[in-house]
Protein chains: 2
Amino acid sequence: MNEQSKAWIDAETKIADAPEDHHDQLRLWLRLFTVARLMENEVRSRLQDQFDVTFPRFDILSQLYRVPEGLILGELSQRLMVSPGNITAVIKRLMDDGLIVRIQNPNDRRENIVRMTPLGTARFTEMAAAHEGWIRSLCEGLSPADVKSLMALLLKMKTSARRSLAKSR
Amino acid sequence: MNEQSKAWIDAETKIADAPEDHHDQLRLWLRLFTVARLMENEVRSRLQDQFDVTFPRFDILSQLYRVPEGLILGELSQRLMVSPGNITAVIKRLMDDGLIVRIQNPNDRRENIVRMTPLGTARFTEMAAAHEGWIRSLCEGLSPADVKSLMALLLKMKTSARRSLAKSR
DNA sequence: GACTTTTAGTTTAGGTATGAATTATATCGC
DNA sequence: GCGATATAATTCATACCTAAACTAAAAGTC
């Protein structure tokens, strides 16, 4: 078995290709998960190599970049879909790096607003440009129509999942 | 802002809905990532609550279930797309739980084959049935045709990404 | 057969992750 | 006002995860 063929074995490659049975949704989830992990791994490793930044930190910067006035920690935690306890430590490191600042809300002293510094914005701008290039390259086999269809179908999937979650609690 | 509306804010909700510009691929990646994380978080938390098992361990068991004769650690690492160093510890814990066994290959003493125990198979069978139910429920808003289209398009996306990665190294 | 190279796994250091318990602050109900 | 409740964030214990350095075993080279 050579390098090339080995690289193609992953979590969902080996599932039997039975046509149209009742496991289709499971297979869809596996495939989605595989693509997501494949791309995330690549982005993570390039962010580390080229910018010495971790994926979670980049993720936080992406959010803050879009909201110049800043976000409170809880909002950040919800948007990134990570636990509040997690945010604390990552924020601390981004502050140590001088990429973000954190200000206690004087009207509600429980809340802490974080926003980018000029340095953070400058650094993020470079990363974002490179990042978009990587993504474009990873997606180069998709036609504009494919991209459009996927956007619509994934939105439908997201909506489906959220509705299902809302029902179950 | 009530609970319901808060729950809908995530990493890609807030991006401007400009029609058809050159950032479509980036938005596609963001949406894919969001759906994947949403579903993974749900699966993870239910596995923990209902079976007291972590997602990574379930992931390993899924692979081993499909290959009764077992896999060597490196194959497992490739299929799951995680680093070899990671596998070591998780395998150790699954062995402590008695769900898998590990045997050194006598023909090549570098290789260690792991496979499920009867206990592991029994436990996994229960988990897998529940897991499939959760996924089905999360996907209930998708028609069979949606599922089919998504399978094809995600395969195309995976192929695109793999080809791009193969070129870049 | 000894020497280099390759391959399989482990170890280590540093950085996420979660859920549960805790602290500090705000708000509600009366 | 004031106790009960709710919310924002932190801390802690535990578990993952990666990259890089390392050990051990096998395979290739001469």
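Here is how names work: the chains are called A, B, and so on, in the same order as the sequence lines, proteins then strands, and each is numbered from 1.
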Checklist entry - Which listed nucleotide (C/dG9, D/dC17, D/dT18) is nearest to the side chain of B/Thr88? => result C/dG9
Item to check | First encountered from the 5' end of DNA chain C, between B/Ile113 and B/Asp49 | outcome: B/Ile113
Next on the checklist: Can you confirm whether A/Arg123 is buried at CZ, in the sense that more than 12 heavy atoms of other residues, nucleotides or ligands lie under 6.0 Å from that atom?
Outcome noted: no
Checklist entry - Is there a side-chain polar atom (N or O) of B/Lys92 under 4.0 Å from OP1 or OP2 of C/dG9? => result no
Checklist entry - Is the closest basic N to carboxylate O distance between A/Arg27 and A/Asp24 below 4.0 Å? => result yes
Checklist entry - What's the CG-C1' distance between A/Leu71 and D/dA9, to the nearest Å? => result 15 Å
Checklist outcome for this item: Rounded to whole Å, the CD-P distance (A/Gln78 to C/dT18) equals 13 Å
Next on the checklist: Could you walk me through whether A/Leu154 and B/Thr34 satisfy the side-chain contact (heavy atoms from CB on, under 4.5 Å) test, starting with their C-alpha distance in whole Å, then the side-chain angles of each, then the deciding distance to 0.1 Å, before giving a yes or no?
Outcome noted: CA-CA 9 Å; A/Leu154 288 173; B/Thr34 297; over 6 Å; no
Checklist outcome for this item: Winner on side-chain proximity to B/Leu73, out of C/dT11, C/dG9, D/dT10, is C/dG9
Checklist entry - With a 4.5 Å heavy-atom cut-off, do A/Leu71 and A/Arg79 have their side chains touching? => result yes
Item to check | Nucleotide D/dA15, atom C1' - distance to CG of B/Asp96 in whole Å | outcome: 13 Å
Checklist entry - If each of A/Gln48 and A/Pro84 is mapped to the nucleotide of DNA chain D with the nearest heavy atom, which maps nearer the 5' terminus, i.e. the 5' end? => result A/Pro84
Atom pairs under 3.5 Å, N or O on each side, protein against nucleotides 12-16 of chain C: can you list them with distances?
| unit_1 | atom_1 | unit_2 | atom_2 | d |
| --- | --- | --- | --- | --- |
| C/dT16 | OP1 | A/Thr54 | OG1 | 2.7 |
| C/dT16 | OP2 | A/Arg57 | NE | 2.7 |
| C/dT16 | OP2 | A/Arg57 | NH2 | 2.5 |

Checklist entry - Starting at CD1 of B/Ile91 and ending at P of C/dA8, how long is that distance when rounded to a whole Å? => result 16 Å
Checklist entry - A/Ile72 near the nucleic acid: base, sugar-phosphate alone, or nothing, with a heavy-atom cut-off under 4.0 Å? => result sugar-phosphate
Item to check | Interatomic distance where CZ belongs to B/Arg46 and C1' belongs to C/dT18 [whole Å] | outcome: 17 Å
Next on the checklist: For the CZ atom of B/Phe51 and the CZ atom of B/Arg46, what is their distance to the nearest 0.5 Å?
Outcome noted: 11.0 Å
Checklist outcome for this item: When rounded to whole Å, the CG to P distance for the pair A/Leu80 and C/dA17 reads 9 Å
Item to check | Whole angstrom value for the distance that separates P of D/dT18 from CG of A/Leu47 | outcome: 15 Å
Checklist entry - Given atom CD1 of B/Ile87 and atom P of C/dT11, what is their separation to the nearest angstrom? => result 15 Å
Checklist entry - Does atom CZ of A/Arg44 have more than 12 heavy-atom neighbours from other groups under 6.0 Å away? => result yes
Checklist entry - In the 5'-to-3' direction, what one-character label does each nucleotide of nucleotides 22-29 of chain D receive under the scheme B = base within less than 4.0 Å of a protein heavy atom, S = sugar-phosphate only, - = no such atom? => result ---BS---
Checklist entry - Would you say the side-chain atoms of A/Ser149 and A/Asp146 include a donor-acceptor pair closer than 3.5 Å? => result no
Checklist entry - Atom CG of B/Leu153 and atom CZ of A/Arg31: how far apart are they, to the nearest 0.5 Å? => result 10.5 Å
Next on the checklist: Side chains of A/Ser62 and A/Asp59: any donor to acceptor distance under 3.5 Å?
Outcome noted: no
Next on the checklist: Heavy atoms from C-beta onward define the side chain here; which of C/dA8, D/dT10, C/dT18 lies closest to that of B/Glu111?
Outcome noted: C/dA8
Checklist entry - Relative to the ring of A/His131, is the ring of A/Trp134 parallel (under 30°), tilted (30 to 60°) or perpendicular (over 60°)? => result perpendicular
